[in-house]
Structures are given as C-alpha cells and as structure tokens.
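Both ligands and their constituent atoms are indexed starting at 1 by order of listing.
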Amino acid sequence: MTSNKQAGLSIQTRVAQALGFIDEQTKGLVPPIYSSTTYLRDADNHYRSGLIYSRDDNPTYRVVEAVLADIESGAEAMLFASGMAAAVSVFQALRPGDHVVAPKVMYWALRNWLIEFSHNWGVAIDFVNTSDLDAIASALQPGKTKLIWLETPANPMWHIADIRAIAEQAQAHGIRVVVDSTVATPVLCRPIELGADIVMHSATKYLNGHSDVIAGALITADKNDEFWLRVRKIRRQAGAVLSPHDAVQLLRGMRTLVLRVRTSCESAMYLAEQLQQTDHVVEVLYPGLPSFVGHAVAVQQMEGGFGGMVSIRVRGGAKAAIDIAARTQLWKRATSLGGVESLIEHRASIEGEDTPVPNDLLRLSVGIEDPCELLEDLQQAIQAAHSES
Ligand code: PLP
C-alpha cells in the first residue's frame, strides 16, 4: 500500500482506491478477509508474524484502518463493533475522579449511557452548550477536566461547535478533545487538522453508507499518546471488535463516500431552502442556511457542504409531525442516518420523555435520490396532514 496523501492526491481518489491497495500475494484489488481467529506459534515459541489471536489482531482491519487514518489526517485508526463501542472505549479510558465536558444536545443513546456510566465509574460530567465558548470555559475544572467531547453538527438540531477554538482552550489546560464527526464525515471536516486529539465515527452511517453494517471507528492524532494506548488496550481486553467480513464490507462502502456525501449535501441544501418556504414548516434547522445559528463557524470548519442532515419543526406539534412521517412514500420511517436512502424520523418518540428535542421536530437523513422527488413527497405529506387536521 502506498501513501497517496504524500503524492498530493485528493480524498476522492485516495478513498476510491483504498490508498492504492493491491494484495501482494494475488494482485487482487480488494483485500482478502482473514477469518482465522488464531495464528500458529513458531516452533521456538515466538510469534514472529505479530499475530496471536484475532480479538483485535485481525489483518483484515489494516487496510480499512489505514484508509480511515489517511482521510481523517490522523496517525492511526481503530475499528470497533459499533459507533457506541468506539465512544464507550474512550470514556472507559478515563479514571475515577476525572471530569468531562459534553454537549447538552448530542446523540441521545450516548448521552443516556454517559449519565449512568458517570455515576457508576466516578467520573463527573457537565453537559453544556458546546456552541458557546464561554459556557465551555466556565465548565472546565483545572487539573480535573480530562476530556471535552464534541459532536458537530450535533444530533438532531445540528448545533455547531467551533473545534479549533475549543481545542485551543483545551490544549492550554492539557485536556483532550474528542469529536464525534459522524455527520460531517472527513469529506467535509477533519477535526484533527483543527486541533482535536481523537475523531470518532459511527461507521454505520456515512462511512459505510448502505444501512447494512454496524461499525465504529476512532482515529488519533498521536499514536503514542498514553490516552490512546489506554483506549487500544480497552479494545483488546474488552473485545468490542468488528467482524472481518463487516470490515471488508465497510471498505466497499467507503470507496464511494465522497460521491454519496456530496450528493446528499447538495440535496440537503436544496431541501432546506425549499422547506423554509413550505406552509406549516415553522423552522428549518440546517447549518448551510445563513440564518442558522452556527452557520459562520460551519463555513469556517466545513468545506464542500454542510452535511446531509436536516431537521424541520412543523405546525401542530407531535401529532402533526408523526402524521407527516406516516404519509411519506419515498422517505422511509426509520431511525439511523447516512445511507443512500432517505429517512424520516420523529426524534422525540425514539428519545423518550427526558429528551431536550422539541416534539414537533422531524429529522431528515437525505440520501442520494432525486431531490425534486424527495421534496415533492415531503410537501404532499405536509399538506395532506394539515388539510385533514
Ligand atoms: N454518534 C452518532 C452521531 C450517531 O448518530 C450514532 C448512531 O445513531 C452513534 C454515534 C452510535 O453509533 P452506532 O449506532 O454505530 O453504535
């Protein structure tokens, strides 16, 4: 495998060719799947292959992790069995007594897990508005705060956090910054280039892109960082590892990442603009709209688009929102995001009673279908729901 980055190739070329991977043994263009769980020891009791047991030693990961590290401008990557497994491994690397700052509105399942984990593990967490630099600064506890967790754009209101400014604050206090960049993808934003220490992905979403693999990833700026080494140990010991079959399937999806993300971004922008002028839509939340709080920061740190995720708030509250979702034909009523097919979801229903998400909000994951057809379908559903209410 060559490092094409040094050769100045674009992310589109690097990812499409999996960094120019050719299997040395067969000259195959696609990496083999190593399904063996265990490896032969040398007669003199050494393991010169470097491979012992594939609960994190699986060579299938190498190409996939190399591509991820390359496109995120990182030093090293690790695959996990899910996005949650990747995120959880970061928090498990903290020690009792450590303090964490995390967003008030973020991927809900991780937020819920964090609340319980922090009690059980003796880690203190402050959930703050991470779009507000002053709120972050006042939450920091010198000597105690070890981690700032960011998600940008953040589910499902798409709040933007200023990664560069926050990383500067954090570095001054020796605090690590970890960014859930699932929604932005490395096509639009590379947090390590902005000063983050670790990037996290639910690779289930855009990286794979076809709603058929659950996977997670972490990418570090420094592979010798002792915190990263602790996370690596957690993957090895706790064993939340990806199946080698899924790793290869993920790589297949990643090859078209740039095309899919660009198409979704263009369609999301079009839909956001059109929906702003649609009757019964009270608010459109999309970082690409000049009226969106956080747009200016998004312009600075995202390049080539603002993502494929849009949320709308509709007149008539939860009842109207659920009714609209029920009347769509092309949009599929399903959770998750980042696949080629467009999804619609009433977020408050899945997040439960203590959600900070307004109950009139519909989350739209814009896929790669014809954007005019997507708009028409949504508009007919909105009109029909309101004409019968
Ligand atoms: N982070 C974000 C932003 C997500 O949307 C999700 C899943 O929806 C996760 C993390 C968790 O990833 P997974 O479902 O792969 O465990």
Check: Less than 6.0 Å separating the ring centroids of Phe306 and His295?
Finding: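 Yes, the ring of Phe306 comes within the 6.0 Å limit of the ring of His295, centre to centre.
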Item checked: Cation over ring face, Arg111 and Phe127, 6.0 Å, 45° ->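 Yes, Arg111 sits over the ring of Phe127.
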Note to self: My understanding is that only one of Trp149, Trp121, Phe227 makes a ring-ring contact (aromatic ring centres under 6.0 Å, His included) with Phe91; could you say which?
What the structure shows: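 With Phe91 as partner, Trp149, Trp121, Phe227 yield a single ring-ring contact (aromatic ring centres under 6.0 Å, His included), made by Trp149.
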Margin query: According to side chain to side chain donor-acceptor pair (under 3.5 Å), who are the partners of Asp126, at least two apart in sequence or on a separate chain?
Written below: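 Only His99 meet the side chain to side chain donor-acceptor pair (under 3.5 Å) criterion with Asp126.
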Check: Taking only residues two or more places apart in sequence, or in another chain, which ones meet Lys233 in a side-chain contact (heavy atoms from CB on, under 4.5 Å)?
Finding: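 Once residues adjacent in sequence are excluded, the partners of Lys233 under the side-chain contact (heavy atoms from CB on, under 4.5 Å) criterion are Arg236, Gln237.
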Note to self: Considering only residues two or more places apart or on different chains, which pairs with a residue in residues 262-274 satisfy side-chain hydrogen bond (donor to acceptor under 3.5 Å, both in side chains)?
What the structure shows: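 Applying side-chain hydrogen bond (donor to acceptor under 3.5 Å, both in side chains) to every pair that reaches into residues 262-274, excluding sequence neighbours, yields Gln12-Arg262.
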Go ahead and list the nitrogen or oxygen contacts between ligand 1 and the protein that come in under 3.5 Å, distances to 0.1 Å, or just say none.
residue	atom	partner	partner atom	Å
ligand 1	1 (N)	Asp180	OD2	2.7
ligand 1	5 (O)	Asn155	ND2	3.4
ligand 1	8 (O)	Lys205	NZ	2.9
ligand 1	12 (O)	Ser202	OG	3.0
ligand 1	15 (O)	Gly83	N	2.9
ligand 1	15 (O)	Ser202	OG	2.8
ligand 1	15 (O)	Thr204	OG1	2.6
ligand 1	16 (O)	Gly83	N	3.1
ligand 1	16 (O)	Met84	N	2.8

